Amino acid sequence: MSTAAPRRRAQLAWALNDWANSAFATTVLVGFFPIFFKQYWAKDLAPTDATLYLGFGNSAAAFLVMLLSPWLGALADRLAAKKRFLALFTGIGVIGTFALAFIGPGQWQLAIAVFALASVGFFGGLTFNDALLVNVATRDEADRVSAYGYGLGYLGGGCLFLANVAMVLKPEVFGLADKVAATRAAFVSVALWWLIFSIPLFLRVKETPVRDDSPLGWREIVATVRQIAQHRPVWMFLLAYFLYIDAVNTLAQMAVDFGLNLGFASDSLIKALLIVQFVSFPAAIGFGYLAGWLGTKRSIYLALSVYIAVSCWGYFMQTETQFYQMAAAIGLVQGGVQSLSRSYFARLIPEAQAGQFFGFYNMLGKFAAVLGPLVVGVVAATTGNPRLSILALIVFFIGGMLLLMRVEEPKAA
C-alpha cells in the first residue's frame with residue numbers, strides 16, 4: 001500500500017498531461033484553426049488551395065518531428081532527460097499557440113508557419129510523454145493507465161473546447177467584440193490550459209535514473225534500427241501502426257475541412273467535434289477494460305473495423321445529421337485504438353530504451369501524419385472530389401490490420 005499511493009499519484013499526474021495538451025489537439029488542430037484559416041486568414045484563396053496549404057502545414061510539422069524523434073528519444077534515455085525534453089516541446093507548443101492570437105487577416109503564410117511551430121511542440125512532446133508510461137505503470141497496468149490518459153485527454157480537451165465554442169457563438173456574453181476576437185481568445189486559453197495542467201507531471205513523475213554520457217550519433221541510431229529489426233514483433237507492429245494510425249490521424253485532422261468542402265455550416269462541424277470529445281472520454285477508458293477481457297489486439301481490430309465502416313459511410317454522406325452520427329461512431333473507437341496501441345507497444349520494448357523505441361514509434365506516426373494529410377489534400381485538389389480522399393483511407397486501415405495479425409502476442413515476464 002505504501003508504494004501504491006505514490007504510483008497512483010504519478011499515474012494521475014502523467015494522465016493530466018494528456019488533459020493539458022489535448023486542448024491544442026481539439027481547439028486548434030482539428031477545431032478552430034482549419035475553420036479560421038479558411039474563413040479569415042486564407043479567405044481569398046480557393047477552398048481546394050486552402051486545403052492543400054493546410055495539408056502542407058500539418059505535413060511540415062510532422063516531417064520535422066519525424067526526423068528528430070528517434071535521435072532525441074535516444075538522447076533522452078541516455079541522459080534520463082525525458083521530462084526535460086517534454087518541457088522544451090511543451091514550451092514551444094504553448095508559445096506557438098499563444099502567437100496565433102496575434103496574426104492579422106490575410107496573413108495565411110504566417111498563420112501556417114506559426115501553426116506548424118505549435119504543432120511541432122505538440123507532436124514532439126508526445127514521444128517523451130509516451131515513453132514515461134513505462135515509469136508510471138507496470139506491464140499489467142499499461143492498458144488501463146494509457147486508456148486513462150486518453151480518456152482524461154478527451155474530457156479535458158472537450159471541456160475547454162466547449163467553453164471556446166460558447167465564446168465564439170456568444171462573444172458578447174464574455175465581453176468580446178465578435179467571433180474573431182473570441183477565436184483569438186480561444187487560442188490564448190489553450191496556451192494557458194496547456195501550460196498549467198502540464199505542471200503536475202514535472203512534479204510527480206520520476207524517471208528511471210539511468211544515465212549514459214557517451215556521445216550519441218547517427219551510428220547509434222542505426223544500431224537501434226538493427227536492434228528493432230532483430231525483434232520481429234516490434235518492427236511488424238511498427239509497420240502495422242504506421243498504416244492504420246495514418247488513416248486515424250488524417251481522418252481526425254482533416255474532418256472539419258472535409259465537412260466544409262461538403263458545404264456544412266461551421267457551427268455544425270464544431271458540434272460534431274464536441275460529440276467526438278465527450279463520447280471518446282468514457283469510450284477510451286472503456287477500451288482499457290475491454291482489452292483486459294477481449295485482449296489488446298482484438299480490441300484494436302474492433303476499433304479499426306469501425307473506422308473502415310465510417311470511411312465507407314463518409315463517401316456517401318449527405319446531411320449534417322449523418323455527420324453527427326459519424327462523429328459519434330468515431331468517438332467510440334478513436335481513443336481506444338490510440339491508447340491500446342501505445343500500451344501494446346510499451347509491452348513489446350525494453351524499459352531502459354523506452355525513449356529511443358518510442359522515438360521510432362512516434363517517428364512512424366509522424367511520417368504517417370506527413371503522408372496522410374498530403375494525400376487527402378492532393379486528391380481533393382486534383383479530383384475536386386473530397387469524398388474520394390476519405391474513401392482511400394480504407395486501404396491503410398485494412399493493411400494495418402493484416403500486418404497486426406502477424407504480430408506475436410507479448411508474453412508476460
Side-chain angles (χ1 to χ4, degrees), residues 8 11-27 29-31 122-123 125-126 129-130 132-133 136-137 140-162 193-194 197-198 201 241 244-245 247-253 255 272-310 324-347 358 361-362 365 397 400 404:
R8 291 194 186 100
Q11 290 170 355
L12 175 60
W14 177 82
L16 276 175
N17 194 57
D18 277 338
W19 168 288
N21 63 28
S22 290
F24 175 83
T26 305
T27 293
L29 190 64
V30 301
F122 172 72
F123 289 128
L126 294 180
N129 180 71
D130 291 349
L132 286 168
L133 175 61
V136 299
D140 292 337
E141 294 172 328
D143 285 337
R144 179 182 58 79
V145 174
S146 182
Y148 184 44
Y150 270 103
L152 277 185
Y154 282 115
L155 179 61
C159 287
L160 183 61
F161 188 49
L162 181 61
W193 181 282
W194 191 352
F197 287 109
S198 66
L201 180 147
Y241 176 76
Y244 70 70
I245 208 65
V248 168
N249 290 340
T250 300
L251 199 58
Q253 291 180 24
L273 291 178
L274 285 170
I275 291 172
V276 171
Q277 291 300 120
F278 288 107
V279 171
S280 293
F281 162 55
I285 294 176
F287 260 91
Y289 291 97
L290 178 65
W293 172 68
L294 187 62
T296 307
K297 283 177 64 177
R298 292 189 184 94
S299 299
I300 295 175
Y301 297 151
L302 174 62
L304 295 179
S305 297
V306 173
Y307 267 112
I308 292 171
V310 166
Y324 296 151
Q325 294 167 345
M326 187 176 75
I330 290 175
L332 286 173
V333 296
Q334 182 169 275
V337 72
Q338 293 169 327
S339 66
L340 295 184
S341 297
R342 177 169 64 183
S343 59
Y344 190 80
F345 186 67
R347 294 203 299 270
F358 266 108
Y361 173 87
N362 282 295
F397 287 125
L404 185 59

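Quantities reported herein were computed from a predicted structural model and do not represent experimental measurements.
Within the structure, no pair that satisfies the salt bridge (Lys or Arg N to Asp or Glu O under 4.0 Å) test touches residues 277-291, not counting sequence neighbours. Sorted by first and then second residue, the pairs that involve residues 272-288 and meet side-chain hydrogen bond (donor to acceptor under 3.5 Å, both in side chains), not counting sequence neighbours, are Thr26-Gln277.
In this structure, Asp143 CG and Phe287 CZ are separated by 11.5 Å, a value rounded to the nearest 0.5 Å. Here the straight-line distance linking atom CH2 of Trp14 with atom CG of Leu133 works out to 4.5 Å at 0.5 Å rounding. In this structure, CD in Gln11 is found 9.0 Å from OH in Tyr148, a value given to the nearest 0.5 Å.
Every residue meeting the side-chain contact (heavy atoms from CB on, under 4.5 Å) condition with Ala13, not counting sequence neighbours, appears here in chain and number order: Pro200, Arg204, Val205. Partners of Trp193 by ring pair (Phe, Tyr, Trp, His ring centres under 6.0 Å), not counting sequence neighbours, listed by chain and number: Trp19, Phe197.
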- Message: Does Glu141 form a side-chain contact (heavy atoms from CB on, under 4.5 Å) with Arg8? I'd like the steps, not just the answer.
- Response: CA-CA 11 Å; Glu141 294 172 328; Arg8 291 194 186 100; over 6 Å; no
- Can you list the steps and then say if Ile275 with Ile330 is a side-chain contact (heavy atoms from CB on, under 4.5 Å)? CA-CA 9 Å; Ile275 291 172; Ile330 290 175; over 6 Å; no
- Checking side-chain contact (heavy atoms from CB on, under 4.5 Å) for the pair Val248/Phe397: CA distance, chi angles, key distance, verdict? CA-CA 8 Å; Val248 168; Phe397 287 125; 3.7 Å; yes
- Passes side-chain contact (heavy atoms from CB on, under 4.5 Å), Phe122 versus Trp194? Steps please. CA-CA 10 Å; Phe122 172 72; Trp194 191 352; 3.7 Å; yes
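Close placement of the Phe358 and Tyr361 rings is indicated, their centers lying within 6.0 Å of each other.
Inspection of the Thr296 and Arg347 side chains reveals an N or O donor paired with an N or O acceptor under 3.5 Å.
Under 4.0 Å is where a charged nitrogen must lie from a carboxylate oxygen, and between Asp18 and Arg342 at least one such pair does.
Inter-residue side-chain proximity for Leu126 and Asn21 is flagged as met; some heavy-atom pair is nearer than 4.5 Å. Between Leu132 and Asn17 there is no side-chain heavy-atom pair separated by less than 4.5 Å. By the 4.5 Å heavy-atom criterion applied to side chains, Leu29 and Phe123 are counted as neighbours.
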Considering only distance and modelled atom types, tabulate donor-acceptor pairs under 3.5 Å from the side chains of residues 300-310, sequence neighbours left out.
{"from": "Tyr301", "atom 1": "OH", "to": "Met405", "atom 2": "N", "distance (Å)": "3.4"}
{"from": "Ser305", "atom 1": "OG", "to": "Tyr301", "atom 2": "O", "distance (Å)": "2.9"}

Side-chain donor-acceptor pairs of residues 331-341 under 3.5 Å, sequence neighbours excluded:
{"from": "Gln334", "atom 1": "NE2", "to": "Tyr154", "atom 2": "OH", "distance (Å)": "2.8"}
{"from": "Gln338", "atom 1": "OE1", "to": "Tyr154", "atom 2": "OH", "distance (Å)": "2.6"}
{"from": "Ser339", "atom 1": "OG", "to": "Gly335", "atom 2": "O", "distance (Å)": "2.9"}
{"from": "Ser339", "atom 1": "OG", "to": "Gly336", "atom 2": "O", "distance (Å)": "3.4"}
{"from": "Ser341", "atom 1": "OG", "to": "Tyr244", "atom 2": "OH", "distance (Å)": "2.6"}
{"from": "Ser341", "atom 1": "OG", "to": "Val337", "atom 2": "O", "distance (Å)": "2.6"}

